[in-house]
Amino acid sequence: MGLSRRTFGALAGSTALGLTLGGSGEPSAAAASAPTGPPPKAPAADGRTHTVGFDRYSMLVDGRRVVLWSGEMHPFRLPSPSLWRDVLHKLRAHGYNTVSVYVSWNYHSPAPGSYDFTGVRDLDLFLRTAAETGLYVTLRPGPYINAEVDAGGFPGWLTATPGTARTADPDYLRHADEWLTAVNRIAVRHLYTRGTGTVVLYQLENEYADHVTEPTGRAYMAHLYRKVRADGIDVPLFHNDKGRNGHWTPGSFDTGGERGRWLYGFDGYPSPFGTPPDWGHYGPGGPRGGSTASPGTPGLIAEFGGGWFDPWGGAEFGGKGYAESRRTRDAAYERRFYLTNLANGITVHNVYMTFGGTSWGWLPAPVVYTSYDYGAAIDEARQPTAKLVPMHQIGHLLHSFPDLAKLDRAPDIDAGAPDVKAYHLVNPDTGAHIQVLRNDGSADTVAAVPLAGATVSVPLPARDARLLAAGISLGHWTLRHSTAQPMLRLAAGRQDIAVFTGRTDELTETALECPHQPAVTVLEGTADCTHRDGALYVRARLGSLTRISVHGGGPAAPLLLLLADDAASQRLWHRPTPSGPVLVHGPALLRTAELRGATAELTGDTVGEADLEVWAPRGVTEAAWNGTRLRMGPTRSGSLRAEGRLPGAGAVELPALTGWRRSAENPESAADFDDSAWRTAELTASAATTPVPAGSPVLFADDYGFHYGDVWYRGRFESAGGAGSVSLSYVTGTQGLLMAWLDGRPLGTHRMPVPDRGTVRRATWTATAEFPLPSAAGSGGHVLSVLVRRMQHDQDGRADDTHKAGRGLVQVSFNGASPAVRWRIQGEAAPDPVRGPLNNGGLYGERNGWHLPGFPDQDWRPARFPRAERRQGVVWYRTGFRLAVDPATDASIGLTLTDEPSRAYRVQIFLNGWNMGQYINDVGPQHTFVLPNGLLRTRGDNTLALAVLSDGTTDSGPGVVELTLLGRALGGVPVTRVESPGPTSPRT
Ligand code: IPT
């Protein structure tokens, strides 16, 4: 049946294969489905050309099947390029073979025609590092990305341009093409097809669901397709269908006559409390069936929930903190949902997010605060969590057992337990049977399933799942069945090694084909081994690492059977080398393994002290760890074991933060402030979707070229005689606010109300502040000063230009008078050439470099924390601190702010001039801000600057401000300092 199945050819880099496209655009010969064979080698920029194609089962790299087991991370959420390698190492070591990345247009483009890919924006370096790490890359440069970033990734300047975004409007397409040209110029240098990088997939647009049936939507996607191909991107392209609606399937839009190089993909964020949906090839089908919409392409999930983002505020606003996302989408969630995906024929599987990182500066969209930890498997501080365990086990499984890349649905089986759903699949080439058993009930149970002619009992904890296999090859040995989940197989030296996993204390049975009685030695742990019916049956209760050595009995090589519980499996590291695979057991992380002569040169991390054991190809008798030669001795397991233990990480001392200096701000509120260099608000037409009230000048900041952070207004008028109050209507993102002064005297602060969830659309976040006016406003000349913390632009998820909702003042009117007001406006200064356009807003201190290292603050007054002062406006605090972390230690350090929660103030945090995010004391929930090494000088001097904006309605802090240790390991990657220049010529 596999042979008659039609494939869609889908051979990118087709010249390398000599395949030509027929006049219809279809591949001229429909190839038979590729057989199951060994997976391709770990990818590298190896200078050879490669083919990247697919059939209905899986991706085919150089004609070999590979399941892309992918994790999402965003380079722009980790502003320290050295640390990209750390996260990529962790992905690869834990079994991922692919990294999926958005590229955020706004991060790279301060102005039309201006594109910056240097420093923290060095996409080329990221893609090089991914290739050096041996990971495939899925590139997702938009133009629109959503991603909980400002304007969904659109640059601030795009909000002030005509043309409906995400349509075929020529004004928009001109800008989008400019972006794609810039990003593709780098991307083409990293295509796997060319052998100069490891990019194998490329996504067009993002969850484009709203103009799908309209000509403009179809023309837009067709335009993007042609543009990306014209730019030289020759790997398969796809789109991520938001609702599994069958949008943008192959052939459904104009791909310029080219067929077969377009995949259907979709996203899914199912509730962790429901039953995992069947969204692959084998589900119920129909419009919401997922891959059933595209039977000729492999199941491709571009994003599947690996956590969830968290909104500002506490539980009353839906925010629960990232510990909660990590708890509800825990390791058992991953097993239940991701194994269900695999059982449905999903062979391109990306977990969004796997490392979430930090939406630093003004990057976060209004829906999120600074941390984008996401409850992901690797936390914001780069620390592995328990969620890596299933990923590690499944990733290694997919790599070791190519059978999983080509599965057909096999006849249903009865799981023998009411709450258990059983999926049964078979590989048509190898005959291997795979079962995924999922317990949807709230009680632990035992399934009884037919597996390889026997009925086996499988313990299934409540709301958990596991994968079972029968008939898979373990090298010279064949598995008859196991109730433990296969994880790994390799040949090391003369022996085969097979690893199976499960939860601690589970009773497992593993049966190995073995015609005759073998010699069996239980080397560690306890196991009951019997030979019957031509198989060796091993029954063992899981605990740490049970080791069984099997010799003879038929197969031509001995087998080391390792039964690992979760903790032990997480200490097993598999690395390919040109001379054969290496398996390491013991340390907290294996980063690299190279064989040099008789020595296995290993690098990695330890947290506590650790043992080191190595299985390596024949001839390897020595090992070195992080450059230190170890005394190794042979073991009965066929490995080498270090005689001593590897050292763990030492203590990390963090200094108290003292020596603060204080300077109060906002001269802009004073009557006599010189605003002559500010822009006059004279525009009468705006690009914003928020209407400009008749008779008012345009006051939206974006129209005047100010796109991020705070914006100031100064309005001069002669007299407002008779006016009892002034009304200021304004528009911001969530948690915006407005404060006003008349002639330097505070009128009050107004905070954008937080609507009940679901009742108010984001784009209508407009409110009106009304402040009583003093009678003095009645005569003489006056200045009304207004500061708007406008937060960020909305995303444009529905392709209706919501990113163009106005930001800033809408209109100001006096109640009882109508003086003519002449407005001037000032936002951020020219973008910081190193830190980028999203680093700064328009506070006086920011415009004058108060946040920068080296700013002369010696005249500022000393201050101590906690503080309690009542003042409307902005006050800055600066201090320096010195760190002396041991250079071999990777310490992850954060800044934690705490105070009495009713105090109405917020803090913009600058580390060495970099805006690490916003703390809102009376909103929360975030208290700890990650300070990435590289920006943070772990051996040297650092500058902290805090810009405190307080309402004046309560005392304000800061309260306690301290450095906190978020993780430490001995090892890590070399970290290069991120350039952090000080002030040049001050501007006002
Ligand atoms: C989907 C987006 O594609 C992605 O950019 C991100 O916003 C993610 O969700 C949520 O974190 S949007 C989908 C949930 C409707």
Side-chain angles (χ1 to χ4, degrees), residues 70-77 99-107 138-154 165-166 201-210 212 221 238-245 247-248 264-272 274 277 279 288 290 300-312 318-320 322 324-326 328-329 337 348-359 363-377 380 733-734 757-758 761-762 792-800 802-803:
S70 170
E72 179 90 9
M73 77 167 285
H74 299 149
F76 54 87
R77 283 184 159 121
V99 61
S100 167
V101 289
Y102 276 138
V103 195
S104 199
W105 183 359
N106 55 4
Y107 197 69
T138 298
L139 203 63
R140 311 200 297 151
Y144 181 76
I145 63 168
N146 210 64
E148 289 73 66
V149 290
D150 185 289
F154 284 148
R166 310 185 71 193
L201 283 174
Y202 184 110
Q203 180 182 309
L204 295 190
E205 249 285 346
N206 190 82
E207 295 201 334
Y208 189 57
D210 285 275
V212 174
M221 285 295 275
F238 70 99
H239 174 75
N240 56 340
D241 184 5
K242 182 180 195 162
R244 302 159 301 285
N245 291 308
H247 294 150
W248 312 113
Y264 174 67
F266 59 91
D267 290 350
Y269 291 85
S271 159
W279 281 340
R288 304 198 51 95
L300 188 167
I301 294 189
E303 297 173 22
F304 197 86
W308 189 243
F309 63 81
D310 199 50
W312 284 107
K320 296 189 174 113
Y322 284 116
E324 183 67 4
S325 312
R326 195 167 277 117
T328 54
R329 292 170 180 82
F337 285 77
V348 182
H349 189 271
N350 180 45
V351 176
Y352 188 103
M353 300 296 296
T354 296
F355 167 77
T358 307
S359 306
L363 195 60
V367 288
V368 288
Y369 47 90
T370 303
S371 172
Y372 199 66
D373 178 275
Y374 220 83
E380 188 189 0
T734 329
R757 277 200 299 154
R761 284 203 52 200
R762 287 164 297 150
Q792 294 90 339
H793 302 95
D794 290 317
Q795 300 178 96
D796 188 28
R798 295 181 181 169
D800 55 359
T802 40
H803 61 295

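These numbers come from the heavy atoms of this one structure, side chains and all, not from hydrogens, waters or symmetry mates. Positions are given from 1, in the same order as the sequence printed here. Just so you know, ligand 1 is whichever comes first in the structure, and atom 1 is the first atom listed for that ligand.
Of the protein's non-hydrogen atoms, the one nearest atom 12 (S) of ligand 1 is E207 OE1, 2.6 Å. For atom 2 (C) of ligand 1, the closest non-hydrogen atom of the protein is E303 OE1, 3.3 Å. For atom 14 (C) of ligand 1, the closest non-hydrogen atom on the protein side is Y269 CD1, 3.6 Å. Protein heavy atom closest to atom 7 (O) of ligand 1, with residue, atom name and distance, is E148 OE2, 2.6 Å.
Considering backbone and side-chain N/O atoms, K242 never comes within less than 3.5 Å of an N/O atom of ligand 1. In terms of N/O distances under 3.5 Å, ligand 1 is not approached by Q795. Checked by distance only, ligand 1 and W308 stay at 3.5 Å or farther apart across all their nitrogen or oxygen atoms.
Only backbone heavy atoms of I145 (N, CA, C or O) come within less than 4.0 Å of ligand 1; its side chain stays farther off. Under 4.0 Å from ligand 1, not a single heavy atom of Y144 appears.
Less than 4.0 angstrom separates some heavy atom of Y102 from each of these atoms of ligand 1: 2 (C), 3 (O), 4 (C), 5 (O). Of all atoms in ligand 1, numbered sequentially from 1 with element shown, those under 4.0 Å from a heavy atom of F309 are 10 (C), 11 (O). Near Y372, the atoms of ligand 1 lying under 4.0 angstrom from a non-hydrogen atom of the residue are 11 (O). Distances below 4.0 Å separate heavy atoms of Y374 from the following atoms of ligand 1: 10 (C), 11 (O). If you number the atoms of ligand 1 from 1 as listed, the ones under 4.0 Å from a heavy atom of N206 come out as 2 (C), 3 (O), 5 (O). Ligand 1 places these atoms under 4.0 Å from at least one heavy atom of D267: 3 (O).
For Y369 and Y322, the ring centers are positioned less than 6.0 Å apart. Separation of the Y264 and W248 ring centroids does not fall under the 6.0 Å cut-off.
Remark: the backbone N or O of G142 is not paired with any side-chain donor or acceptor of N206 at under 3.5 angstrom. Between the N240 side chain and the E207 main chain, a donor and an acceptor come within less than 3.5 Å of each other. Between the side chain of Q203 and the backbone N or O of E205 there is at least one donor-acceptor pair closer than 3.5 Å.
The aromatic rings of Y352 and Y269 sit perpendicular to each other, their planes meeting at more than 60°, with 30° as the lower class boundary. Aromatic ring orientation, F304 versus W279: perpendicular (interplanar angle above 60°, classes split at 30° and 60°).
None of Y102, F238, Y202 except one satisfies the side chain to side chain contact (heavy atoms under 4.5 Å, CB included) rule with T138; the exception is F238.
Atoms CG and NE2, from N106 and H803 in turn, are 11.0 Å apart once rounded to the nearest 0.5 Å. Between I145 atom CD1 and Y107 atom OH the span is 11.5 Å, to the nearest 0.5 Å.
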